[in-house]
Amino acid sequence: MGETLGAHVFRAKQIAGDFEARFGERPRIFHAPGRVNLIGEHTDYNEGYVMPAAIELGTFVAASPRTDRRLAVHSMQFDESCEIEIDAARPRGDWTDYVAGVAVMLERAGFRIGGANLLIASDVPLGAGLSSSAALEVAVAMALAPGPVEAPALIERRTLAKLCQRAENEFVGVQCGIMDQFIACHARAGNLLMLDCRSLEYAYVRLPGGVKLVIANTMVRHDLAASEYNKRRAECAMAAAYFGKSLRDVKLSDVDGAAMPDLLRRRARHVVTENARVLEARAALERGDLRAFGNAMYRSHASLRDDYEVSCAELDALVAMARDLRGVHGSRMTGGGFGGCTISLVEERHLDEARRALMRVAEVYVSSPAGAAVEIMDF
Ligand code: ADP
Ligand code: MG
């Protein structure tokens, strides 16, 4: 934790320098984390359970106020700048929509924001399923929000998360659930967050010391990803309509006995068994049983591959590889699928070995569960 904050301050100093060179002023700097989902995949839009953790990769937004009602924005990742009129913002179909969308939704929620110069610098790989989008939204929202958005004000953080989700749903036009924005706003270092996507009730579950989150990025994202995601949502809606209730409330015995097309049955079975696996994983973690937790991860992967059909050869190969490594408790694809990343839970004493093996075929990031979005002070 201390180490992470130290690294953040170091990066913040650099970014402040870049900001001053570009805008000629000293900025305030905000940081929001990316995230990885340990278990509970494709359950969020079915009012189910998820269990993500924030990671040590995140997005920095440096900001200074302007006297007009414009946002002058520069992204280091795209090496592009843009100007947004807060009162006339329309979607353009590019990265600037994430920034404009947050500004628009803040205003719509009744927060009066002012113009700002913004510099965006991120360590999260874009489009890899580690939620660079929510990290960007939340860091921008904190930078633009009037007044302090501080850790103890949980109600404010929940509002912030919802508002950022709305920006992505309604302005960017991506039908994401609430998980990514919620974890960016509520994460606690050293903990996974168990979230009920229906009630937004949540609980922290401590990850025992001596284990690391090891993320392996396939570096592929198959073209199918977006269209298949929409298809799965539609299939789940059809299955729910068949049962006359949310898949969250469907029992496995209902699924097995249902006279419905096999494809819909398998989709429903994934959601129903995945929710059960999240509860099981939580209980396992609470009694310190990493083996049982890891086992639930492996079964989650199999279900995503066989019943939900959102895995791909690259993801399957990485999970199979992790499974054969020493010190790996569990491994699975994480995120929407068809590329992106796997997440493995690895004993620290076998970390180098595991990392070296996975690095031969993937880009690897190692993290402990990180903390929530913050303003970085004293840089
Ligand atoms: P993920 O959230 O898994 O990384 P998404 O497709 O949801 O993938 O979001 C990625 C998009 O978010 C990028 O294509 C870009 O439009 C926007 N984005 C994220 N980070 C940045 C950044 N640092 N600068 C500009 N745009 C960004
Ligand atoms: Mg995203």
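The structure displayed is predicted, hence computed values, not measured ones. When a ligand or atom number is given, it counts from 1 through the structure's own listing order.
- Closest to atom 3 (O) of ligand 1 among all protein heavy atoms lies G129 N, 3.0 Å.
- At a 4.0 Å heavy-atom cut-off, ligand 1 does not touch D94 at all.
- Remark: minimum distance from atom 23 (N) of ligand 1 to any protein heavy atom is reached at Q77 OE1, 3.0 Å.
- For the residue pair S311 / D316, a side-chain donor-acceptor distance below 3.5 Å is found, with atom types taken as modelled.
- The residues R266 and E309 are annotated as salt-bridged, a charged nitrogen and a carboxylate oxygen being separated by less than 4.0 angstrom.
- For the ligand labelled ligand 1, residue L126 lies inside the 4.0 Å heavy-atom shell.
- A distance of 9.0 Å separates CG in L285 from CG in N191, rounded to the nearest 0.5 Å.
- Close approach of ligand 1 to S122 is summarised as follows: ligand atoms under 4.0 Å from at least one heavy atom of the residue are 23 (N).
- When only modelled atom types and interatomic distance are considered, N295 and R291 share no side-chain donor-acceptor pair under 3.5 Å.
- The protein heavy-atom contact nearest to atom 18 (N) of ligand 1 is L136 CD2, 3.7 Å.
- The cationic group of R158 does not satisfy the cation-pi geometry with F182, failing either the under 6.0 Å distance to the six-membered ring centre or the 45° limit from the ring axis.
- Y98 OH, 3.7 Å is the protein heavy atom nearest to atom 11 (C) of ligand 1.
- Taking a cut-off of under 4.0 Å to the non-hydrogen atoms of L130, the atoms of ligand 1 that pass are 3 (O).
- Shortest contact from atom 8 (O) of ligand 1 to any protein heavy atom: G127 CA, 3.2 Å.
- What sits closest to atom 14 (O) of ligand 1 on the protein, heavy atoms only, is F78 CZ, 4.3 Å.
- Side-chain N/O atoms of H222 and E228 include no donor and acceptor closer than 3.5 Å.
- Looking at I86 and L71, their side chains come closer than 4.5 Å, going by heavy atoms from C-beta outward.
- Listed by first and then second residue, the ring-ring contact (aromatic ring centres under 6.0 Å, His included) pairs involving residues 323-355 amount to none (not counting sequence neighbours).
- With respect to atom 15 (C) of ligand 1, the closest heavy atom belonging to the protein is W95 CB, 3.7 Å.
- Residue I120 approaches ligand 1 through these ligand atoms, each under 4.0 Å from one of its heavy atoms: 22 (C), 23 (N), 24 (N).
- Within the listing of ligand 1, atoms 1 (P), 2 (O), 4 (O), 9 (O), 10 (C), 19 (C), 20 (N) sit less than 4.0 angstrom from a heavy atom of S132.
- For residue S132, no N/O/S atom approaches the Mg ion (ligand 2) to within less than 2.8 Å.
- Side-chain atoms of R277 and S300 include no donor-acceptor pair closer than 3.5 Å.
- Contacts between S75 and ligand 1, counted as non-hydrogen atom pairs separated by less than 4.0 Å, involve the side chain only.
- When only modelled atom types and interatomic distance are considered, R323 and S344 share no side-chain donor-acceptor pair under 3.5 Å.
- Closest to atom 7 (O) of ligand 1 among all protein heavy atoms lies S133 OG, 3.1 Å.
- At a threshold of 4.0 Å, the pair E235-R265 does not count as salt-bridged, since none of the basic side-chain nitrogens sits closer than that to a carboxylate oxygen.
- For a threshold of 3.5 Å applied to N or O pairs, the pair formed by T59 and ligand 1 contains no separation below that value.
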